[in-house]
Protein chains: 2
Amino acid sequence: MILNPKTDKPELMTIREMCEAFDVTPRTLRFYEQKELLFPIRQGTKRNFTRRDRARLKLILRGKRFGFSLEDIRQLLDMYDREPGQQEAQLKRTYQLAQERLAVMEQQRDELNEAIAELRAQMAWGEDMLASFRRSGAA
Amino acid sequence: MILNPKTDKPELMTIREMCEAFDVTPRTLRFYEQKELLFPIRQGTKRNFTRRDRARLKLILRGKRFGFSLEDIRQLLDMYDREPGQQEAQLKRTYQLAQERLAVMEQQRDELNEAIAELRAQMAWGEDMLASFRRSGAA
DNA sequence: CGTTACGTTTACGTTAACGTCACCCGCTCT
DNA sequence: AGAGCGGGTGACGTTAACGTAAACGTAACG
């Protein structure tokens, strides 16, 4: 295992090491490779994940927390890979996507809040019913 | 079409009428029947939806807004159908389910809020980048 | 040499809630 | 009689993100 002289961390990691480091299953990493989200170096049949793969995976997982689909994430990641020459255009595109996502998320949150309020109201009603049961002695 | 003397609304409704009244597709209603959520009267092969079906459908759609699965909803609906004799137990069960759902929904909302905040921070960063692009004259 | 551990590939299974398609039936208008 | 309309019944398709199982390789341990 080759270590980085600065960090003493392995330059290349096996699938197991990746799984433990990022708390994902091997299946997930193979799946991401198949979907062209990761590009581990293949030594024969085995995978060696590089720093680049780790950086990408970190972004992938963050993207998922944001609710981006894997396909969205792949496109964003790819943009940053192409020989950067239109940095600004890329950044704008990313920013726009983020804005759209943000709008969706905020709407979801609002709907969720509405549903929560409605459900709370129903539950208050149910509580009254239960209280009346108790008063009527149906223990 | 038989009308209710009080409301002048049809006692029985066709699948089309139901679709318009509740903004769902025929497929959805057939699907709900198959899943034993609705029990329209079958005249030969055609469906006649009763007041009871409409009441159930209303609850089904509300339940969906709350994030309940159709299976959850079916169980709740069924509880209210069985010869009511343990009203209190049923109500308690419903109340408990509602509490669990509420907890899930609130957690989802909180996570969403966190993700929104994180995404906002990233976007502020991106905005700075864009601004610096503009200052550097890369129009 | 057997087994254990870790890795691989291929390919089908899962889940929810319908959408879609092909084909059939009966009524009504013209 | 033909043409629509409205409804009906299977049954397969869709989507995302993996899970799972089968069958194989290979390297080290004892």
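Atom set for the values below is all heavy atoms of this structure, side chains included, hydrogens, waters and symmetry mates excluded. Residue numbers start from 1 in every chain, and the chains themselves are labelled A, B, ... in the order their sequence lines are given, proteins ahead of strands.
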Please tabulate, for the side chains in residues 115-123 of chain B, all donor-acceptor contacts under 3.5 angstrom to protein atoms that are two or more places apart in sequence or on a different chain.
unit_1	atom_1	unit_2	atom_2	d
B/Glu118	OE2	A/Arg65	NH2	3.0
B/Arg120	NH2	A/Glu106	OE2	2.2

Closest approach of B/Leu38 to B/Leu57 (non-hydrogen atoms, all atoms of both residues)
CD2-N, 4.0 Å
At what angle, to 10 degrees, do the two end axes of the helix from C/dC1-D/dG30 to C/dT30-D/dA1 meet, given five pairs define each axis?
30°
Round to the nearest Å and state the distance from B/Lys64 atom NZ to C/dA17 atom P.
6 Å
State which residue, out of B/Arg42, B/Met18, B/Met13, fulfils the side-chain contact (heavy atoms from CB on, under 4.5 Å) condition with B/Arg47.
B/Arg42
Atom pair distance, as rounded to whole Å: CZ in B/Arg30 and P in C/dA17
19 Å
For C/dT9, does either OP1 or OP2 sit under 4.0 Å from a side-chain N or O belonging to A/Arg42?
yes
How about CG on A/Asp23, more than 12 heavy atoms from neighbouring residues, nucleotides or ligands closer than 6.0 Å, or not?
no
Between CG of B/Leu29 and P of D/dG6 the distance, given in whole Å, is 16 Å
Euclidean distance, atom CD of residue B/Gln34 to atom P of C/dA17 [Å, nearest integer]:
13 Å
Which heavy atom of B/Pro26 sits nearest a heavy atom of B/Cys19, and at what distance?
N-SG, 3.4 Å
For the pair made of CD in B/Glu17 and C1' in D/dG7, what is the distance, rounded to whole Å?
13 Å
Please give, in whole Å, the distance from C/dC18 P to B/Leu37 CG?
10 Å
Starting from P on C/dA17, measure out to CG on B/Leu70 and report it in whole angstrom.
4 Å
Between CZ on residue B/Arg54 and OG1 on residue B/Thr50, distance to nearest 0.5 Å
7.0 Å
Side-chain atoms of A/Thr45 come closest, of C/dT9, C/dA17, C/dG7, to C/dT9
Could you list the protein-to-nucleotides 21-27 of chain C atom pairs, N/O on both sides, closer than 3.5 Å?
none

B/Glu100 vs B/Leu97 side-chain heavy atoms within contact, under 4.5 Å:
yes
Does the side chain of B/Arg47 get closer than 4.0 angstrom to OP1 or OP2 of D/dG6 through an N or O atom?
no
Return no unless some side-chain N or O of A/Lys46 is found under 4.0 Å from OP1 or OP2 of C/dT9.
no
Within less than 4.0 Å of OP1 or OP2 of C/dA17, is there a side-chain N or O belonging to B/Tyr32?
no
What's the separation between atom CD in A/Gln43 and atom CG in A/Asn48, rounded to the nearest 0.5 Å?
4.5 Å
Sequence-distant partners of B/Arg52, salt bridge (Lys or Arg N to Asp or Glu O under 4.0 Å), two or more places apart
B/Asp81
Identify whether the distance between the nearest side-chain nitrogen and carboxylate oxygen of B/Arg74 and B/Glu71 falls below 4.0 Å.
yes
Answer yes or no: is there an ion pair linking B/Asp72 with B/Lys64, defined by an N-O contact shorter than 4.0 Å?
no
Nearest-Å distance for atom pair CZ/C1', residues A/Phe68 and D/dA17:
18 Å
Sequence-distant partners of B/Tyr32, side chain to side chain donor-acceptor pair (under 3.5 Å), two or more places apart
none
Kindly give the atom pairs (protein nitrogen or oxygen, nucleotide nitrogen or oxygen) under 3.5 Å for nucleotides 19-22 of chain D.
unit_1	atom_1	unit_2	atom_2	d
D/dG19	OP2	A/Thr25	OG1	2.8
D/dG19	N7	A/Arg27	NE	3.1
D/dG19	O6	A/Arg27	NH2	3.1
D/dT20	O4	A/Arg27	NE	3.1

